[in-house]
Amino acid sequence: MWTNWAGNQRTDTPIARPTSIAELQNEIARPQSLRVLGAGHSFTPIVAGGDRIVDLSDLGLPTLGDAWQDRVWVNANARLRDLSPALTDKGMAFRNLGDINAQSLAGAVSTATHGTGRDLPCLAAEITAARMIGASGDILTTDDIPLEMAQVSMGMLGVLTEAQISVVPKYNLRRQVGFASVEETLATMHQKWAENRNFEFFYIPFTGKTVELRHAIIDAAESKAPRDLDMIAVKVLKLARNAGRISAGLRRALLKMLTMAQSNEDYVGESWRVLCSDRHIRFKEMEYHLPPNVAGDVLQEVLTRLHRDHKDIYFPIEVRQTAGDTACLSPFQGGPRISMAIHTDAAEDHKRYFEAIEPLFVEAGGRPHWGKMHNLTYKDLSVMYPDFDQFCALREQLDPQGKFLTPSLARLFRP
């Protein structure tokens, strides 16, 4: 039985594990539908639903391949946490990363996974060339498929095996973390994105406080890594929520203690170690990418509804910004977007909260993260993306039998 990281997707579909490109080609050429396993960090039915599942962890491709100036070929199915130290050994680094690096590169780029930074694009925009296996088992490259179509595809054009990515010389980052009032953060967030290489913030429910994170490139040596308090903080937030069912005052007291106990942080480390962290507490997530000029108003309304109607929620709300790019299915196509993510405990019901907030995101012109939960259909998506129908036409041309489609994906990419 395969389950994703959050435990909300599962299937007992047989799993094939090819050990060579030739075996993979033969596996794909079989007539039944199939999907490819990554690290399972998507919350949507992106794997479950096919007749077969393919796991590429035994494929045997080298982690890194040929490098040329600021570009390097990589095993697309290697985990980001393995690619980063391999790049470091060669004096290179990703330009930017998200806050989780357990995903495979293929899974991360295919869903437009991103970090934060007004001038830093999502990971898919760093792909400059790619190799994949098509629906008939043939080898395809970005000489055959437009790069803008291949960068974000959710595995619907072919099975991504290798990617050439843009890299930069390895670098250290200084991370500064501090508390602010939500009013101050909302008033200054655009200025802070302009002034900092990386900026993001988390709103801590029912406290009126945010945690702000800033990163800057620095030549200083690495300092001692601070203790990771995220897991402890989330556990205290849950404890406070549970206590609030007995007494609202007790919840307020526990939340006040939490914010008073948290201290500011100032830390220097290797870029990927600073940007990425482990997530030990499992959750479900919805994230939408909003036009920057409306994000503040949307967040204000989200907080109003959270405080009024969803007192059982304790997970923080995460807010980031990502530069625009040109990929056809990238939520950031055409310009920068501010990303707003809401979460629930993986073991708790998410529907009431997510379904109450999602219309706010959609009405404001938001686009969903492809690996996170949403309730949209082809009709909704086709008006959100200028090149959506062109992508769907190419997908149909390359895979007319729908070999790479699950029923869930078909609802999104077939009229």
Side-chain angles (χ1 to χ4, degrees), residues 38-39 41 61-110 112-131 147 151 160-177 192-200 213-228 230 265-279 320-323 325 332:
H41 268 267
L61 293 174
T63 302
L64 300 183
D66 295 335
W68 181 76
Q69 295 183 347
D70 61 349
R71 299 179 183 184
V72 60
W73 281 94
V74 303
N75 178 352
N77 293 281
R79 303 295 176 91
L80 296 175
R81 65 187 177 203
D82 297 323
L83 285 168
S84 287
L87 288 170
T88 295
D89 289 344
K90 302 292 185 182
M92 300 179 288
F94 286 104
R95 190 186 320 274
N96 201 25
L97 287 165
D99 57 3
I100 298 175
N101 65 351
Q103 310 99 319
S104 67
L105 177 76
V109 300
S110 295
T113 292
H114 61 100
T116 189
R118 191 182 70 169
D119 300 320
L120 299 169
C122 72
L123 200 55
E126 304 290 4
I127 291 184
T128 55
R131 301 179 184 125
L147 179 63
Q151 286 172 317
L160 187 62
T161 56
E162 297 171 273
Q164 185 188 63
I165 59 171
S166 294
V167 292
V168 297
K170 66 179 182 179
Y171 59 98
N172 284 355
L173 284 174
R174 179 187 185 188
R175 179 171 72 200
Q176 294 175 287
V177 181
K192 288 170 180 172
W193 268 305
E195 293 174 348
N196 294 278
R197 181 186 191 269
N198 308 88
F199 173 72
E200 66 179 303
L213 290 79
R214 313 178 200 195
H215 296 141
I217 293 179
I218 191 168
D219 289 333
E222 294 184 49
S223 58
K224 182 179 179 180
R227 185 181 179 191
D228 185 0
D230 287 352
E265 179 183 310
D266 197 333
Y267 161 56
V268 175
E270 194 175 342
S271 59
W272 65 276
R273 297 184 188 276
V274 173
L275 291 168
C276 306
S277 57
D278 294 329
R279 290 288 183 264
R320 297 177 283 176
Q321 184 167 191
T322 300
D325 59 54
F332 314 103

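What you see is a predicted model; the values in this text were computed from it and never measured.
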With side chain to side chain contact (heavy atoms under 4.5 Å, CB included) as the test, pick out the partner of Leu275 among Ile100, Asp99, Asn198.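 Single side chain to side chain contact (heavy atoms under 4.5 Å, CB included) partner of Leu275 among Ile100, Asp99, Asn198: Asn198.
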
Examine distances only and state if a side-chain atom of [X] and a backbone atom of [Y] form a donor-acceptor pair shorter than 3.5 Å.
X: Gln151; Y: Ile127; result: yes
X: Thr128; Y: Ser166; result: no
X: Arg175; Y: Val274; result: yes
X: Tyr171; Y: Arg95; result: yes
X: Asn77; Y: Leu160; result: yes
X: Arg320; Y: His114; result: yes
X: Thr116; Y: Phe199; result: yes

Which atom names give the shortest non-hydrogen contact between [X] and [Y], and what distance separates them?
X: Asn75; Y: Thr161; value: OD1-O, 3.8 Å
X: Ala76; Y: Ala163; value: CB-N, 4.3 Å
X: Phe332; Y: Ala112; value: CE1-O, 3.8 Å
X: Tyr267; Y: Ala225; value: CE1-CA, 3.5 Å
X: Ala323; Y: Pro121; value: CB-N, 3.8 Å
X: Gly269; Y: Glu222; value: CA-CG, 3.7 Å

Candidate pair Thr322 and Leu120, rule side chain to side chain contact (heavy atoms under 4.5 Å, CB included), full reasoning:
CA-CA 6 Å; Thr322 300; Leu120 299 169; over 6 Å; no

Just verifying a value: how many Å separate [X] [atom1] and [Y] [atom2], rounded to the nearest 0.5 Å?
X: Leu64; Y: Leu83; atom1: CG; atom2: CG; result: 6.5 Å
X: Arg71; Y: Asp66; atom1: CZ; atom2: CG; result: 14.0 Å
X: Lys90; Y: Leu87; atom1: NZ; atom2: CG; result: 10.0 Å
X: His41; Y: Arg79; atom1: NE2; atom2: CZ; result: 7.5 Å

Would you please test Ser271 and Phe94 for side chain to side chain contact (heavy atoms under 4.5 Å, CB included) and show each step?
CA-CA 8 Å; Ser271 59; Phe94 286 104; over 6 Å; no

Legend entry - Residue pair His215, Arg197: steps toward the side chain to side chain contact (heavy atoms under 4.5 Å, CB included) verdict: CA-CA 6 Å; His215 296 141; Arg197 181 186 191 269; 5.5 Å; no

Between Trp272 and Thr88, is a side chain to side chain contact (heavy atoms under 4.5 Å, CB included) present by the stated rule, with each step listed? CA-CA 9 Å; Trp272 65 276; Thr88 295; 3.6 Å; yes

Pair Lys170 + Glu270: basic N to acidic O under 4.0 Å: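 No, Lys170 and Glu270 are not salt-bridged.
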
Review point. Val268 versus Asn172: any side-chain heavy-atom pair under 4.5 Å?
Key: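 Val268 reaches Asn172 side chain to side chain.
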
